[in-house]
Amino acid sequence: MCKLGDIIVVNKYIGDDGKEIGRHSFVVIDDNPDCIKGLEYTHVTTVISSFKSEEQRKQKLSHEENMEIIEFEKDGIKKFKKPSYIKADKLFYFNKDKLDYYVFARISDDLLDELMKLILHLAEEDKIAIITENLV
């Protein structure tokens with residue numbers, strides 16, 4: 001079972017462009033079951049992407065909605081092979097009963113607090129995309 005702050009790896013999901021995507025990491029930002037648009041969900045997440053180059057890193061981090069994940073470890077082992085970032089402006093809703101996933105690691109409490117503040121700021125500016133395609 002995944003909980004707030006966990007990084008989960010989803011084996012297959014529908015992206016914000018409506019296309020099926022294989023194996024991707026997400027940060028769980030809400031683990032309280034509820035309904036949205038009449039659809040039941042168990043988790044709200046933000047997607048993690050990796051930087052392809054230093055140039056892309058600078059470009060992505062110039063946007064307020066992207067937050068870099070500074071290297072973290074699980075059981076003393078570095079987990080991400082590439083520098084990565086969280087897309088805080090895209091909230092993916094999932095139902096764990098319909099999801100093929102596993103818990104990969106956890107972000108720090110400090111990073112989770114920073115992420116939640118960023119999401120609240122983006123929500124106030126109406127810059128959040130709600131993605132519910134994975135609930136259908």
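Remember, it's a predicted structure, so these values are computed and weren't measured experimentally.
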Is there a side chain to side chain contact (heavy atoms under 4.5 Å, CB included) between Ile86 and Asn66? Walk through the geometry before answering. CA-CA 6 Å; Ile86 300 168; Asn66 296 327; over 6 Å; no

Side chain of Arg57, backbone of Ser50: donor and acceptor closer than 3.5 Å? no

Distance in Å, Glu133 CD paired with Lys19 NZ, rounded so as to fall on 0.5 Å steps: 14.0 Å

Do Ile128 and Ile130 have side chains that get closer than 4.5 Å, going by heavy atoms? yes

Give the minimum heavy-atom separation between Ala88 and Leu115, together with the two atoms involved. CB-CD1, 3.8 Å

Please walk me through it: do Lys3 and Asp31 pass salt bridge (charged side-chain N to carboxylate O under 4.0 Å, His left out)? CA-CA 6 Å; Lys3 58 187 184 242; Asp31 61 349; over 6 Å; no

Would you indicate whether Glu55, at its atom CD, is surrounded by more than 12 heavy atoms from other residues, nucleotides or ligands within a distance under 6.0 Å? no

Please determine whether a side-chain nitrogen of the Lys or Arg among Lys127 and Glu64 lies less than 4.0 Å from a carboxylate oxygen of the Asp or Glu. yes

Kindly indicate whether the side chain of Val28, heavy atoms from C-beta on, has any atom under 4.5 Å from the side chain of Ile8. yes

Do the side chains of Phe26 and Val103 join up, straight or via other hydrophobic residues, at under 4.5 Å, putting them in one cluster? yes

In Å, rounded to the nearest 0.5 Å, how long is the span from CG of Asp126 to CD of Glu124? 11.0 Å

Test side chain to side chain contact (heavy atoms under 4.5 Å, CB included) applied to Asp30 and Tyr41, step by step: CA-CA 10 Å; Asp30 185 358; Tyr41 68 88; 4.3 Å; yes

Could you tell me whether the side chain of His43 and the main chain of Cys2 form a donor-acceptor pair under 3.5 Å? yes

Can you tell if the side chain of Thr45 reaches within under 4.5 Å of the side chain of Ile29, non-hydrogen atoms only? no

CG of Asp100 to CG of Asn11, rounded to nearest 0.5 Å, is 4.0 Å

Does some side-chain heavy atom of Lys96 sit less than 4.5 Å from a side-chain heavy atom of Tyr101? yes

If you measure from CD on Glu68 to OG on Ser84, what distance do you get to the nearest 0.5 Å? 9.0 Å

Take atom CD in Gln56; do more than 12 heavy atoms of anything else shown fall under 6.0 Å from it? yes

Any Lys/Arg nitrogen of Lys117 or Glu114 sitting under 4.0 Å from an Asp/Glu carboxylate oxygen of the other? no

Between Arg23 and Val9, does a side chain to side chain contact (heavy atoms under 4.5 Å, CB included) hold up when you go through it step by step? CA-CA 6 Å; Arg23 202 161 181 219; Val9 176; 3.6 Å; yes

With the threshold set at 4.0 Å, does a side-chain nitrogen-carboxylate oxygen contact exist between Lys90 and Asp16? yes

Under 4.5 Å between side-chain heavy atoms, hopping through other hydrophobics if needed: is there a path connecting Tyr85 to Ile7? no

Decide whether Ile107 and Phe51 are clustered together by the hydrophobic rule: side chain heavy atoms of Ile, Leu, Val, Met, Phe, Trp, Tyr closer than 4.5 Å, transitively. no

Aromatic ring proximity Phe92/Tyr13, centre distance under 6.0 Å: yes

Heavy-atom distance under 4.5 Å between the side chains of Lys60 and Lys87, does that happen here? no

Just wondering, do Tyr93 and Ile131 contact through their side chains at under 4.5 Å, heavy atoms? no

Interatomic distance, CG@Asn95 vs NZ@Lys98, rounded to 0.5 Å, equals 5.5 Å

Show, in sequence, the C-alpha distance, side-chain angles and deciding distance for Asn134 and Leu99, and conclude whether the side chain to side chain contact (heavy atoms under 4.5 Å, CB included) test is met. CA-CA 9 Å; Asn134 294 283; Leu99 190 64; 5.9 Å; no

Are Leu122 and Leu120 linked, directly or through other ILVMFWY residues, by side chains that come within less than 4.5 angstrom of each other? no

For the residue pair Met67 and Leu111, what are the closest heavy atoms and their distance? SD-CD1, 3.5 Å

Does a side-chain heavy-atom distance below 4.5 Å link Lys37 with Thr132? yes

Measuring from Ile119:CD1 to Leu91:CG, what's the distance to the nearest 0.5 Å? 5.5 Å

Is the closest side-chain heavy-atom distance between Ile21 and Ile14 below 4.5 Å? no

